[in-house]
Amino acid sequence: MENKIKWETEMKAAKKQSRFENKPVLLDFFNPG
Amino acid sequence: MDAVTYPDKNVIEFITKNIIPLRVPYNLEPLATDFTIKWTPTLVVLDKNGKEHYRTVGFLPPEEFIPSLLLGIAKVHFELDQFKDAISNLEKILKDYPKSGAAPEAVYLHGVSNFKTTHERKPLKQAYERLTKEYPQSEWAKRALPYRLL
């Protein structure tokens, strides 16, 4: 099992992966500080 | 989220198994405008075409984060008329996280999803009865009130 979350950083790549894995996308807007 | 929720092993396992994680700064355009972002963290669940089906704003600890995401995933399926998949995710909330903040809405949506599947009114009344019994103070108990007459 992964030991950390492997975040996508681009919408295009996330949607492509979403279609490939047939899973929805979690989009987290965060404050990098 | 970075200090408590995202390092949690159950959260990592859940995300890895169930959803594609995408993280962007709150002011990244055009996404910030497209999604009307005003506060962080804002978490949005999207379908494969990028359409929003669920959002939550503010910190969530792991025991609330996972059921909240399950509810978001269920809403994706519900709004795409994939009711069996919606029901499956809602039942995970009710089985594994019955005390979470997502649970009352899960009861409500479970009843509606079953109604959509069977076209019988009984699941709606069952949702009302469960909400009244288990979550009487929730807003979802109030929203289900008309179903008492079914």
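So that the names make sense, note that chain A is the first sequence line, chain B the second, and so on, each numbered from 1. Small disclaimer: the values here were computed from a predicted structure and weren't measured.
Counting heavy-atom pairs closer than 4.5 Å to chain A, the top-ranked of the candidates B:Asn27, B:Val24, B:Thr42 is B:Val24. Between chain A and the options B:Asp8, B:Ile37, B:Ile15, the largest number of non-hydrogen pairs under 4.5 Å is found for B:Ile37. Between chain A and the options B:Leu31, B:Thr40, B:Ile73, heavy-atom pairs under 4.5 Å are most frequent for B:Thr40. Note on B:Lys48, B:Met1, B:Glu52, B:His77: by heavy-atom pairs under 4.5 Å with chain A, the leading option is B:Lys48. In terms of non-hydrogen atom pairs under 4.5 Å with chain B, the most contact-rich of A:Glu10, A:Lys15, A:Lys16, A:Glu21 is A:Lys15. Contact tally against chain A (heavy-atom pairs below 4.5 Å) for B:Pro25, B:Pro41, B:Pro7, B:Gly50: the top residue is B:Pro25. Options B:Asp47, B:Asn18, B:Val76 differ in how many heavy-atom pairs under 4.5 Å they form with chain A, and the most are formed by B:Asn18.
Both the sub-6.0 Å distance and the 45° axial angle are satisfied by B:Arg23 relative to the ring of A:Phe30.
Under 4.0 Å is where a charged nitrogen must lie from a carboxylate oxygen, and between B:Arg130 and B:Glu134 at least one such pair does.
Only the side chain of B:Phe35 comes within contact range of chain A, judged by heavy atoms closer than 4.5 Å.
In the model, B:Glu64 has no side-chain atom that pairs as donor or acceptor with a side-chain atom of B:Ser68 under 3.5 Å. Checking B:Tyr135 against B:Tyr108 by side-chain atom types alone, no donor-acceptor pair falls below 3.5 Å.
A heavy-atom distance below 4.5 Å is not found between the side chains of B:Val44 and B:His53.
Aromatic ring centres of B:Tyr6 and B:Phe65: separated by under 6.0 Å.
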